[in-house]
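Below you'll find the structure, written out as structure tokens, and then a few comments.
Order of listing sets the numbers, starting from 1, for every ligand and every atom in it.
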Amino acid sequence: MSSEKNGIPYIILNSAMTLDGKMATKAGSSEISGKEDLIRVHKLRKEVDAIMVGINTVIVDDPKLTVHKIQADINDNPLRVVVDSKARTPLSSRILNEDAHTIIVVSELAESERIEKLNDKAEIIVSGKKRVDLKLLMETLFNMGIKTLMLEGGSTLNYSMLIEGLVSEIRVCIAPMVVGGKEAKTLADGEGVDYMKDAVKLKFKKSYNLGDDLIVEYQVISQ
Ligand SMILES: NC(=O)c1ccc[n+]([C@@H]2O[C@H](COP(=O)([O-])OP(=O)(O)OC[C@H]3O[C@@H](n4cnc5c(N)ncnc54)[C@H](OP(=O)(O)O)[C@@H]3O)[C@@H](O)[C@H]2O)c1
């Protein structure tokens, strides 16, 4: 794992999806990975400097984003980063527990009252005017010493990070399930491109089985 892009962390997008590309059901249920894959994910968490998610993932899943499925201690937990323009992170979120340091990244839209409340439990960074400026955020994190970052969704943030050319590598767990639902979140939602020529291009690296799941890994070659 080494930074290929200048001045930003080496970013691995890691997600689990069903065979039909869904990261969650239309109701938001997202227990997709088998137990072997969860161990892979927690090993990867232990390796990286930071883990980042979008605010909707915090609201829907309430993840801890710590290393707890493998042998580890509190010092193995990476920095947690939440992309949250309007400072909507609920104060009761597990991501604000004391198991690891957390950064909430807001934009200039966030109300100072919300920021003050969150400030007791997390570090607040302002990046961007309306939505979070992801490129600027990656530069800021890099300058804070974050050299490797694992992007753990959700769909909207995955798309933004990919289309802005910030992701170096993609690792996906494909579970042998089909859930359907046009409202169900996919690996990358967001605005979407109109033409295949504008797709984010990938180079296959490897694939292997873990229990019933298939893991596929790609290098991102262009945006
Ligand atoms: N299977 C898996 O591996 C996996 C992993 C994670 C999540 N999930 C699922 O994914 C779903 C959540 O995904 P989601 O797409 O709704 O939300 P998300 O990607 O978690 O969060 C998106 C939100 O981030 C904020 N944001 C701020 N700046 C942004 C920027 N520049 N680009 C993109 N987003 C920005 C926006 O809200 P504001 O404007 O309010 O800031 C945006 O609506 C849940 O159902 C969860 O279970 C699945």
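By the salt bridge (charged side-chain N to carboxylate O under 4.0 Å, His left out) test, Glu111 is found to be paired with no residue, residues two or more places apart in sequence or in another chain being considered. Checked against salt bridge (charged side-chain N to carboxylate O under 4.0 Å, His left out), Asp61 has no partners two or more places apart in sequence or in another chain.
Residues Thr18 and Thr25 fail the side-chain proximity criterion, which asks for heavy atoms closer than 4.5 Å.
For Lys203 and Tyr218, the positive end is not near the middle of the six-membered ring at less than 6.0 Å and at most 45° from its axis.
Contact residues for ligand 1 (protein heavy atom closer than 4.0 angstrom to any ligand atom): Ser15, Ala16, Met23, Ala24, Gly28, Ser30, Ile32, Gly54, Ile55, Asn56, Thr57, Val60, Asp61, Val83, Asp84, Ser85, Lys86, Arg88, Arg131, Val132, Leu134, Glu152, Gly153, Gly154, Ser155, Thr156, Leu157, Ser160, Lys185.
Cluster note: Tyr208 groups with Leu210, Ile215 through ILVMFWY side-chain heavy atoms spaced under 4.5 Å, whether in direct contact or through intervening members.
Side-chain atoms of Asp99 and Thr66 include no donor-acceptor pair closer than 3.5 Å.
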